[in-house]
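Take a look at the structure below.
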Amino acid sequence: DMDKFIGKETDEMYTRYSDIVNELDHYPKELFTNKKIIFPCDWDAVYNSGEKIQFHTENRINSIENIQPDADVPKCNFVKYFWENYAKFKDNNVELYTSGYNPSSNNPNNLSCMDVDYSKYDWVITNPPFSFVSDFLKVLTDESERRKNTSRPFHFLIMIPWQTIGSSLSNFIIEKKVFP
């Protein structure tokens with residue numbers, strides 16, 4: 001039943017931690033080492049603020065400075081995964097960022113995933129807002145194409161349940177801009 005994973009009042013899809021682990025554990029560690037990773041659709045810092053999570057906000061982008069062990073960090077499973085596996089080990093030189101996007105939040109730092117300057121990041125990893133997933137993928141594929149064959153290529157990993165893909169992604173797949 002997909003309803004238990006989709007926010008009733010939002011455009012948000014909940015991605016279970018176990019699904020993130022099952023997918024991302026297949027990727028070599030080197031893909032993320034020495035990279036800046038942004039999670040534009042996953043973490044509203046106001047919702048998750050507290051003394052167990054330290055972040056710095058600049059231009060409505062949150063850099064994750066520290067998450068204390070065993071902190072209850074709801075609705076940020078991508079952040080939790082990358083903190084636990086990469087960022088807390090400083091020798092990986094992985095920097096984590098969020099745009100704090102939450103369509104139902106009154107957070108003044110809320111920044112839509114469509115308005116992020118992706119040129120500052122190496123990776124986007126998230127679950128997308130489903131009402132405009134095609135527009136969002138266009139932004140990401142355009143950035144990837146712009147930085148193709150450069151010293152700083154741009155990558156993205158979007159986790160979408162198969163049941164939600166529909167025809168909106170078919171052109172991206174046909175044009176080989178995304179791969180399932």
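Remember, predicted model here, so these are calculated numbers, not experimental data.
- Leu137 is not listed as a side-chain neighbour of Ser134, based on a closest heavy-atom distance of 4.5 Å or more.
- Here the shortest heavy-atom pairing between Leu96 and Trp83 reads CD1-N, 3.7 Å.
- A distance of 10.0 Å separates SG in Cys113 from CD1 in Ile38, rounded to the nearest 0.5 Å.
- Here the closest heavy-atom approach between residue Thr33 and residue Asn92 is recorded as CG2-O, 3.2 Å.
- Between Glu30 atom CD and Lys35 atom NZ the span is 11.0 Å, to the nearest 0.5 Å.
- Between the Asp122 side chain and the Lys36 main chain, a donor and an acceptor come within less than 3.5 Å of each other.
- Asp19 has a carboxylate O that lies under 4.0 Å from a charged side-chain N of Arg16, or vice versa, which qualifies the two as a salt bridge.
- The shortest distance between side-chain heavy atoms of Ile37 and Phe78 does not fall below 4.5 Å.
- Pro40 and Ile125 make their closest contact through CD-O, 4.3 Å (heavy atoms, listed as atom of the first residue, atom of the second, distance).
- Residues Tyr121 and Phe154 place their aromatic rings such that the two centres sit no closer than 6.0 Å.
- Salt-bridge formation is not detected for the pair Arg146/Asp142: no Lys NZ or Arg NE/NH1/NH2 atom is positioned less than 4.0 Å from an Asp or Glu carboxylate oxygen.
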### Asn34/Val94 under side chain to side chain contact (heavy atoms under 4.5 Å, CB included): CA gap, chis, key distance, verdict
CA-CA 5 Å; Asn34 299 314; Val94 172; over 6 Å; no

### Task
Please assess Val124 against Leu157 for the test side chain to side chain contact (heavy atoms under 4.5 Å, CB included), listing each intermediate value before the final yes or no.
CA-CA 6 Å; Val124 167; Leu157 178 76; over 6 Å; no

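- Between Gln68 and Gln54 the shortest side-chain heavy-atom distance falls below 4.5 Å.
- For the pair Ile67/Lys88, no side-chain contact is recorded, criterion being any heavy-atom separation below 4.5 Å from C-beta on.
- With contacts defined as side-chain heavy-atom distances shorter than 4.5 Å, the pair Pro153/Arg147 does not qualify.
- In this structure, the side-chain hydrogen bond (donor to acceptor under 3.5 Å, both in side chains) partners of Ser119, at least two apart in sequence or on a different chain, are Asp117.
- There is no path of hydrophobic side-chain contacts, each under 4.5 Å, that joins Val21 to Phe89.
- Interatomic distance, Ile20 CD1 to Lys80 NZ, rounded to the nearest 0.5 Å: 9.0 Å.
- Defined by atom type and a distance below 3.5 Å, a donor-acceptor pair is present between the side-chain atoms of Glu65 and Ser63.
- Crowding of Lys90 atom NZ: a count of heavy atoms from other residues, nucleotides or ligands under 6.0 Å exceeding 12.
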### Task
Go through His56 and Asn62 one step at a time and tell me if the side chain to side chain contact (heavy atoms under 4.5 Å, CB included) criterion holds.
CA-CA 5 Å; His56 174 75; Asn62 309 300; over 6 Å; no

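- Taking both residues in full, the closest heavy atoms of Thr141 and Lys138 are given as OG1-O, 3.2 Å, listed atom of the first, atom of the second, then distance.
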### Query
Hey, mind stepping through Tyr97 and Ile64 against side chain to side chain contact (heavy atoms under 4.5 Å, CB included) and telling me if it holds?
CA-CA 6 Å; Tyr97 300 87; Ile64 309 304; over 6 Å; no

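- Note that OH of Tyr118 is 6.0 Å distant from OG of Ser99, once rounded to the nearest 0.5 Å.
- A 4.5 Å side-chain heavy-atom check between Phe39 and Asn127 finds every atom pair outside the cut-off.
- No side-chain N or O of Thr15 forms a donor-acceptor pair with one of Asn77 less than 3.5 Å apart.
- Clustering ILVMFWY residues whenever any of their side-chain heavy atoms sit less than 4.5 angstrom apart, transitively, puts Met114 in the very cluster that holds Phe156.
- For Tyr86, the ring pair (Phe, Tyr, Trp, His ring centres under 6.0 Å) partners at least two apart in sequence or on another chain are Phe32, Phe82.
- Listed for the Asp115 side chain is no donor-acceptor partner under 3.5 Å among the backbone atoms of Leu111.
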